[in-house]
Amino acid sequence: MNTIEEIYRKSEEFQNREVLIAGWVRNNRDQKEFGFIDLNDGTCFSSIQVVYDSSIENFKDIQKYRNGSSVEVKGELVLTPSAKQPFEIKAKEITLLGDSGEDYPIQPKRHSREFLREKLHLRARTNLFNAIFRLRSEAAYAIHTFFHSRGFIYVHTPIITSNDGEGAGELFNITTASPNPETDFFGKKVYLTVTGQLHVEAFAMAYRNVYTFGPTFRAENSNTTVHASEFWMIEPEIAFADLTDEMNLAEDLLKYVIDYVLKNCSEEMKFFDAFVEKGLIDKLTLVLNSKEFKRITHKEAIDLLLASGINFENAPGYKKDLATEHEKYLTSYFKSPVFVYDWPKDIKAFYMRMNDDNETVAASDLLVPGSGEIVGGSQREERLDLLLKRMSDLHMNEKTLDWYVDLRRYGGCKHSGFGLGFERLLMYLSGVDNIRDVEAYPRNPNNCDF
RNA sequence: GCCUAAAUAGCUCAGUUGGUUAGAGCACCUGACUGUUAAUCAGGGGGUCGUAGGUUCGAGUCCUACUUUGGGCGCCA
C-alpha cells in the first residue's frame, strides 16, 4: 500500500507506475462516461485526484460513492501538466471499503466553526482541522526536539496532586465520592494539577535543565476564546539561570518552533495564510528574523500606556496587572512579541524572586499579537529566609509545601522557568482565533461532550 | 461570573409594516453531460420557524421566561 504523502514526495519515481492507496472520498464528480474522486488518506494535507471511467466494471457504483466513504484504489500515476493538479491516478480498480450515509454532514463547502464544534469526531476530515491537528502534532514534536537538542530532561510531573494550587487558579477535586477526605481514596484532598512547575523545580536541582509538557486543568468559570478547562502546558526549569536567561530561552523556543512549522508544515501554513489569517507567514517570518524581542519593564509598559493618550476602559496603574486592552496596545505598538518584566510583587505568585527594590519581582510575561499572554515566567526565590517570609506574609500553609522549601535547604541555587500555553502557541502559529478549535476535544464550563 | 447578540430545511442564509400554501444556494435522490476542480444543467423529496407561555381576528415577525450558541469583559496559560 502506498501513501499520498509518498506519491507527492516521489512523484517522478511513481510516474506511469501502478500505485495502491486507500483513503476517504472528499468529493466525487461523475459524468456520463467518467468521473473524478478527490481522495485524502490523511498522510498529507493534499488530496489526490482519481479518474475513473466506464471501462471499470463497477463504474455505475463508483459514480455513487458519497463523500466520507472509505475506498481502496489501484491505478496508474499519470502526470497532468496542463491541469490544475500536477498528477492524478488513472484507476483500474476502485473498491468501496466503508460506505458513508446520505446524511454525512461534511460537505465540499465552507462550514461554520460552531457547527463543526458539534461534530468533533468528524471535523478532522475538513481542510482546516486537518491542518490544525497536524500543526499541533508537529509543533509538539518541535518542542521536544528543541529541548532534547539542548540536553533538557523531559520530566513527567503528576496529574493527580495534593498541591492546592498556590494561586494558579481554581482546582478540580478528585474523589471517589467519599463523604470526607480522610476516608477517600488518597486519605486527603487531592486535585487535578494546575501546573507542573513546583514538581519540576525539584528535578532542575538534580538535572539542571528540565521541562514538563503535559495536560493541565483549571476549574475557572472562564468563558473566552483563550481559556479552556483542560489544556497543555510546556514548563521548562533551568538551574543557575536568571530572568534574562529565562527570557532568552523562551524567545529561542518560540523562534525554533516557528522555523520548524514553516519548514515542515508548509502546506498547512499556506492554507492558514490564505484562509485564516492573511499575512500570517509574513508575520511569523518577521518574528523569526527579528534580532531580539522587545523587552520592557512593567513600569515602562505603564508609562507607555499612560503616554498613549488612549482612554482605556481599565486605567493602567503601576501596581496593577495589564488588562487585555493594554496587552493589545503593546503588541500592536511594537508589532512583535513583547516581554514585560519586573512586575509588582502583589499581583504575582509567592515563589517569584524579590528584586532589590523590594517592590517588584523578577517575573516576565511574553505577549504576542492575537493570543495575548502566551508565556509567563520568573526567576524563583532561592533564598530560604525570603521565601519563608513571603509564604507567611501570604498566610500560606508551610507544611504542605515543606518539600518545596527543602529545595532551598539542600543546595539551592538561582533558577528560573516559565510556562508556555501550548494551545495559545498554536493559535498564534495558525491564526485560529478560538482555543476550542486547536484542541481535539475541547473542555469548557458546561461543555464536556464526546 | 458580568454585558451583549443570535436561534428559520442536514449546512449557510433571506423572509418587507403582524396577513394567502415560509423561500434560495449547497447537500441528498432521479436524470442530462467526453476532462471535472466547492463542476455545470433540469427535476424531486425535505420545515411544529430553539422550548414554554402570552398579546392578536391572525405571530417566523410583537412581549415574557427558559435553553443553547457566538462575541466582549474579568480570572489566567
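Just so it is clear: chains get the letters A, B, ... in the order the sequence lines come, proteins before strands, and each one is counted from 1. Only heavy atoms go into these numbers, but all of them, side chains included; no hydrogens, no water, no symmetry mates. On a predicted model such as this, the values are computed, not experimentally measured, just so you know.
Across all strands, A:Ala323 comes closer than 4.0 Å only to sugar-phosphate atoms, never to a base (heavy-atom distances). As judged by a 4.0 angstrom heavy-atom cut-off over every strand, A:Ser112 is placed among residues touching the sugar-phosphate backbone only. Backbone-only contact: A:Asp321 has heavy atoms under 4.0 Å from sugar-phosphate atoms and none from a base. Counting non-hydrogen atoms under 4.0 angstrom, A:Lys119 reaches nothing in the nucleic acid. Here A:Leu425 lies out of heavy-atom contact (under 4.0 Å) with every strand. As judged by a 4.0 angstrom heavy-atom cut-off over every strand, A:Glu114 is placed among residues touching the sugar-phosphate backbone only. Counting any heavy atom pair closer than 4.0 Å across all strands shown, A:Asn221 reaches a base atom. Nucleic acid contact for A:Thr225: sugar-phosphate only, since backbone atoms but no base atoms lie under 4.0 Å from a heavy atom of the residue. Counting non-hydrogen atoms under 4.0 angstrom, A:Phe36 reaches a base of the nucleic acid.
Nucleotides B:A6 and B:A65 have their P atoms positioned 15 Å apart, rounded to a whole Å. Here, B:C13 and B:G50 have their P atoms 15 Å apart, quoted to the whole Å. Between B:G58 and B:C66, the distance separating the two P atoms is 27 Å to the nearest Å. Look at the P atom in both B:A38 and B:C3: the space between them is 46 Å, to the nearest Å. Rounded to whole Å, the separation between the P atoms of B:G35 and B:A14 comes to 37 Å. Between the P atoms of B:C49 and B:A59, the separation comes to 12 Å (whole Å). Straight-line distance between the C1' atoms of B:C11 and B:U69: roughly 16 Å, to the nearest whole Å. For the P atom pair drawn from B:U56 and B:U48, the interatomic distance equals 28 Å after rounding to whole Å.
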Evaluate side chain to side chain contact (heavy atoms under 4.5 Å, CB included) for A:Asp449 paired with A:Leu120, printing each intermediate quantity in order.
CA-CA 9 Å; A:Asp449 293 334; A:Leu120 297 182; 5.6 Å; no
Side chain to side chain contact (heavy atoms under 4.5 Å, CB included) between A:Ile302 and A:His298: does it pass, once the steps are laid out?
CA-CA 6 Å; A:Ile302 301 298; A:His298 179 266; 3.6 Å; yes
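For the pair A:Glu230 CD and B:C76 P, the computed distance is 21 Å after rounding to whole Å. As a whole-Å value, the separation of A:Asp365 CG from B:C75 P is 12 Å. Summarising the geometry, the separation between CG on A:Asp30 and P on B:C29 is reported as 10 Å, rounded to the nearest angstrom. Taking atom CG on A:Asn444 and atom P on B:G70, their separation rounds to 8 Å, with Å as the unit. Following rounding to the nearest Å, A:Lys109 (NZ) and B:A9 (P) show an atom-to-atom distance of 12 Å. Atom CZ in A:Arg117 sits roughly 9 Å away from atom C1' in B:U69 (whole-Å rounding). Nucleotide B:G71 holds its C1' atom 14 Å from the CG atom of A:Asp437, rounded to whole Å. For the pair A:Gln63 CD and B:A32 P, the computed distance is 10 Å after rounding to whole Å.
Of the charged side-chain nitrogens involved, none lies within less than 4.0 Å of a carboxylate oxygen, so that A:Lys64 and A:Asp30 do not count as a salt-bridged pair. Between A:Glu268 and A:Arg134 there is a salt bridge, with a side-chain nitrogen of the basic residue lying less than 4.0 Å from a carboxylate oxygen of the acidic one. Comment: A:Lys348 engages A:Asp365 in a salt bridge, judged by a side-chain N to carboxylate O separation of less than 4.0 angstrom. With respect to A:Glu251 and A:Arg295, a salt bridge is recorded, a charged nitrogen being found less than 4.0 Å from a carboxylate O. Ion pairing between a basic and an acidic side chain is recognised when a charged N comes within 4.0 Å of a carboxylate O; A:Glu237 and A:Arg380 show such pairing.
Figure legend: A:Arg150 and A:Phe147 shown without cation-pi pairing, the cationic atom not lying both under 6.0 angstrom from the six-membered ring centre and within 45 degrees of its axis.
Distance from the side chain of A:Gln31 is smallest for B:U36 among the nucleotides B:U36, B:A27, B:G74. Closest approach to the A:Thr224 side chain among B:G74, B:U12, B:C76 is made by B:G74 (side chain taken as heavy atoms from C-beta onward).
At a cut-off of 3.5 angstrom, counting only N and O atoms as typed in the model, there is no donor on one side facing an acceptor on the other between the side-chain of A:His111 and the base of B:C11. If you check distances only, the side chain of A:Glu88 does reach the base of B:G35 with a donor-acceptor pair under 3.5 Å. Not a single donor-acceptor pair, N or O on each side, falls under 3.5 Å between the base of B:C26 and the side chain of A:Arg110. One donor-acceptor pair, N or O on each side, does fall under 3.5 Å between the base of B:U36 and the side chain of A:Gln85. Judged by atom type and distance alone, A:Glu102 does not reach the base of B:G10 through any side-chain donor-acceptor pair under 3.5 Å. Applying the 3.5 Å distance criterion, the base of B:C76 shares no donor-acceptor pair with the side chain of A:Ser222.
Contact check of residues 38-61 of chain A against RNA chain B (heavy atom, cut-off under 4.0 Å) returns A:Gln49.
The aromatic ring centroids of A:Tyr8 and A:Phe87 lie less than 6.0 Å from each other.
The side-chain ring of A:Phe231 is stacked on the base of B:A77, judged by centre separation under 5.5 angstrom and plane angle under 30 degrees.
A:Tyr154 and A:Tyr211 have parallel rings, their planes meeting at less than 30° on a 0 to 90° scale where 60° marks the start of perpendicular. Ring planes of A:Tyr141 and A:Tyr260: tilted class, angle from 30 to 60°.
For B:G72, the OP1/OP2 oxygens have no side-chain nitrogen or oxygen of A:Lys328 closer than 4.0 Å. Between A:Asn434 and B:G71 there is a side-chain polar atom (N or O) within less than 4.0 angstrom of OP1 or OP2. Residue A:Thr324 has a polar side-chain atom (N or O) positioned under 4.0 Å from OP1 or OP2 of B:G74.
A 3.5 Å limit on both hydrogen-bonding distances identifies no Watson-Crick or G-U partner for B:A22. Nucleotide B:A27 forms a pair with no other nucleotide shown, judged by Watson-Crick or G-U wobble geometry with both contacts under 3.5 Å.
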